[in-house]
Amino acid sequence: MKRNRYNIIIVGATHGHETLGVHVWEQLPRTSRVRQHARFLVGNPRAYEKRCQFIDADLNRIFPGDANSTLYEEHRAAELVPQLRDATVIDIHATGTIDNPHEEAMAIIVRDDMQTRALVRAACPPRALLMRYRAAGALIAHARCGIALEYGKSDDKAAQDMVRTAVERIVASLCAQNHNDTADAEKSAAQCEYVPLYEVYDVVTRPPGEWVIAPTVHNWVCVHKGDTIAQCTKTGNVLRAKEDFIPILFGENRYTTIFGFCARPTMENV
Ligand SMILES: [Zn+2]
């Protein structure tokens, strides 16, 4: 079978309100290489229908799920696992914390191996992030090989264009690895020479109460030990950094228990 012989799966709306991946897929012409060689899945169909993050639990935290669970996402994860297991998976997310995708977009990986690195180089994001914090329950952790794209807001044209290009390049590169198509080989030769690799090693926990993130905190810009991270609107109490770290996905209001992730540079390129 020619169609999808490389077993590439593109997932959108793993978080139901993150519609970016669905938009990108729908905008691709039916004759495009991506449509010819990959298939598309809505990660969380019920949440997507309601445009909410999830129904019972965060799907991207609970893999491999449980087929006997009464929680919808546990059930859905278990349903997806057999499909993902042998596939190369591109999981397209969206985030309100990114204003400028050209500067702030990132590819997230949960394993650091040669195949995964090849996906990152093909996608060519400004930065790559190795998730070392509670990554076992993530969707891509249950794929043969996987990459998640966090490029920006669902309705942001620049984010959509960048994601589409990244997906096209990944698919072209996978095709070129598998057969001698000159055009594919040429496209994949356009791979990035290097993508700086960061690693997430912790989170900043949100204390109880109403807090606002300090205006001085910007994603990808190092917060130094002693700097203010957030302030309580009621008490005026201030949360300070215990050490230097690079804030990631700070400002996402869907996180109720954390402000965001802490990363550090690995001093390595993918
Ligand atoms: Zn997401």
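Atoms within a ligand are numbered from 1 in the order they appear, just like the ligands themselves.
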Original post:
Less than 4.0 Å between a side-chain N and a carboxylate O, is that true for Glu49 and Arg46?
Top reply: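 Between Glu49 and Arg46 there is no salt bridge, as every charged N stays at least 4.0 Å from the carboxylate O atoms.
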Original post:
Would you call Glu199 and Arg132 a salt bridge, using N to O less than 4.0 angstrom?
Top reply: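 Answer for the salt bridge query: yes.
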**OP:** Working to the nearest 0.5 Å, report the span between CG of Leu59 and NE2 of His75.
**Re:**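 Leu59 atom CG to His75 atom NE2 measures 12.5 Å (nearest 0.5 Å).
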Subject >> Glu150 N/O/S atom closer than 2.8 Å to the Zn ion (ligand 1) >> reply: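 It does not; every qualifying atom lies at 2.8 Å or beyond.
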**OP:** Would you give the angle at the Zn ion (ligand 1) between Glu18 atom OE1 and His15 atom ND1, to the nearest 10°?
**Re:**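 Answer comes to 110°, rounded to 10°.
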Original post:
So which N/O/S atom does His93 have closest to the Zn ion (ligand 1)?
Top reply: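 In His93, the heteroatom (N, O or S) nearest the Zn ion (ligand 1) is ND1.
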Original post:
Does CZ in Arg134 sit with more than 12 non-hydrogen atoms of other residues, nucleotides or ligands closer than 6.0 Å?
Top reply: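 Open.
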